[in-house]
Protein chains: 2
Amino acid sequence: MANRGVARREQILYAAMMVFADHGYHRASLAGIAEQAGISQAGLLHHFPTKQHLLIAVLEVRDRLDVEWMADLDGGTGPRLLVTLLRLVDRNRRLGGLVQIYTALSGESVTDDHPARAWFTGRYERVTASIEVGLRAGADGLRPEVDCGQLAREVVAVMDGLQLQWLLNPEVVDMVAAFRAYATRLIRSSALDPEPVVALLATAVPVPLATHAG
Amino acid sequence: MANRGVARREQILYAAMMVFADHGYHRASLAGIAEQAGISQAGLLHHFPTKQHLLIAVLEVRDRLDVEWMADLDGGTGPRLLVTLLRLVDRNRRLGGLVQIYTALSGESVTDDHPARAWFTGRYERVTASIEVGLRAGADGLRPEVDCGQLAREVVAVMDGLQLQWLLNPEVVDMVAAFRAYATRLIRSSALDPEPVVALLATAVPVPLATHAG
DNA sequence: GTCTATAAACGGATAGAC
DNA sequence: GTCTATCCGTTTATAGAC
């Protein structure tokens, strides 16, 4: 029973994630989050003293999830890293609203003095650095003129940009297929003997439901 | 003097663009916009009856700018289209805060019932369709397996994703160089005789100031 | 830990004088 | 067309009882 308070915190965090996903940060109200969590607004503020504290706590959840992801990344380098990232894109598609939080918040955060801005800036540095390491480690077959740091940012950009289009229009945009095509072309244009990995890209994720507009 | 009212409108629109860029939509206040425009808040509402009307008007300015851009697009097809887009990325870098509006608003807009959501969804359809047409028109040298519609979304994704990273950390992220590298690789991997265009990509935009972290 | 009640501030929008 | 004054809803945060 000592962890009852902890359970409440998790409950509130989960509710906050859902409401932030639906409305972004500034339009989300503590009352709405509290209602979702089955607690009063004042009760919520007992666990998280301000709205900003709550936001930071939500972002820290993502940080913890990132640790798992980084572990995945260590499992693949060079071309195989792209297979891992394709799986990540597919996971994001299935998670749906939970990734919407971060797209919505990252867009919001480019405004001045947004409480999440420093967090996003730091997160991009960490993520792109991590991908850069993975690319460099498997760069045996890479063309010499490729800048791994720049390429890491490009890969992240493709994932983010596709995610934005998908969130706006999920019926039409198939971000898994689009990322698969991108990764396949990238490998073919950069590596010497990529065919085994290209085959893996084709099968790593179940064939999408072909929601692309006909 | 008959256009005095029109001038006032433009003045308010410009102020709104700046404040939306700084704070996003929901956190921007009419009082702040009015102050920036040198008018009272009630005076502002005489020209734009609600805050949402003002937002729509700002988006319509972008629509008009898009028309010019579309005209540019018609000037290039296939590989040459990417040169045009590289110039666009460079223009966005120089415009700075004015593009920040749309990154901030597009992120915000993925939340439910955001007043700009429909506009962004429609805009992506138009822009990607336009790029798709340009790609297809110059597809003589394109590999047959390339899906031009999907590739158009990918190109837009790269531009948006790089822009987000650049806005968060302009000192470190060089989105022009990153897009140039992407476009060069794309052409080399897709077209039969791309070298003339690749050379154009290298010179179409002045060499960036190499702000990339050392 | 959780609640009710309320403070204190800010938001968009309206009324009406000039 | 522009202003001052004001209404009214919403928001975060606090006070204090239980």
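The basis for the numbers below is simple: all heavy atoms, side chains too, and nothing from hydrogens, waters or symmetry mates. Letters go in sequence order (proteins before strands), and every chain restarts at 1.
- Ion pairing of B/Arg153 with B/Glu132 is absent here, as no side-chain N (NZ or NE/NH1/NH2) approaches a carboxylate O to less than 4.0 Å.
- Between A/Ser40 and C/dC3 there is a side-chain N or O to OP1 or OP2 distance below 4.0 Å.
- Residues A/Asp90 and A/Arg87 are not paired through a salt bridge, judged by the lack of any N-O separation under 4.0 Å between the basic side chain and the carboxylate.
- The nearest whole Å value for the distance from the CD atom in A/Glu35 to the P atom in C/dC3 is 13 Å.
- In this structure, B/Ser29 reaches the sugar-phosphate backbone alone: every heavy-atom distance under 4.0 Å involves primed, P, OP1 or OP2 atoms, never a base.
- In this entry the distance linking CG of A/Leu45 with C1' of C/dC3 reads 13 Å, nearest Å.
- In this structure, NZ of B/Lys51 is placed 9 Å from P of C/dG11, rounded to the nearest angstrom.
- Backbone-only engagement by B/Leu30 is indicated by non-hydrogen atom pairs under 4.0 Å involving sugar-phosphate atoms exclusively.
- One can place CD of A/Gln41 at 15 Å from C1' of C/dG1, the figure rounded to the nearest angstrom.
- Per the geometry, CD1 belonging to A/Ile33 stands 12 Å off C1' belonging to D/dT11, to the nearest Å.
- Taking atom CZ of residue A/Phe48 and atom P of nucleotide D/dT11, one finds them 20 Å apart after rounding to whole Å.
- Side chains of A/Trp119 and A/Asp63: a donor on one and an acceptor on the other come within 3.5 Å.
- Rounded to whole Å, the distance from CD1 on A/Ile39 to C1' on C/dG1 is 8 Å.
- A/Ala34 comes within contact range of no nucleotide atom at all, as no heavy-atom separation falls under 4.0 Å.
- The CD1-C1' distance, from A/Ile12 to C/dG1, rounds to 10 Å in whole Å.
- For A/Ala42, the side-chain atoms get nearest to C/dC3 when compared with the rest of D/dA13, C/dC3, C/dA13.
- Between B/Arg8 and D/dT2 there is a side-chain N or O to OP1 or OP2 distance below 4.0 Å.
- Between B/His47 and D/dT2 there is a side-chain polar atom (N or O) within less than 4.0 angstrom of OP1 or OP2.
- No option in B/Tyr102, B/Phe20, B/Phe120 other than B/Phe20 meets the ring-ring contact (aromatic ring centres under 6.0 Å, His included) test with B/Tyr25.
- Ion pairing of B/Asp113 with B/Arg117 is absent here, as no side-chain N (NZ or NE/NH1/NH2) approaches a carboxylate O to less than 4.0 Å.
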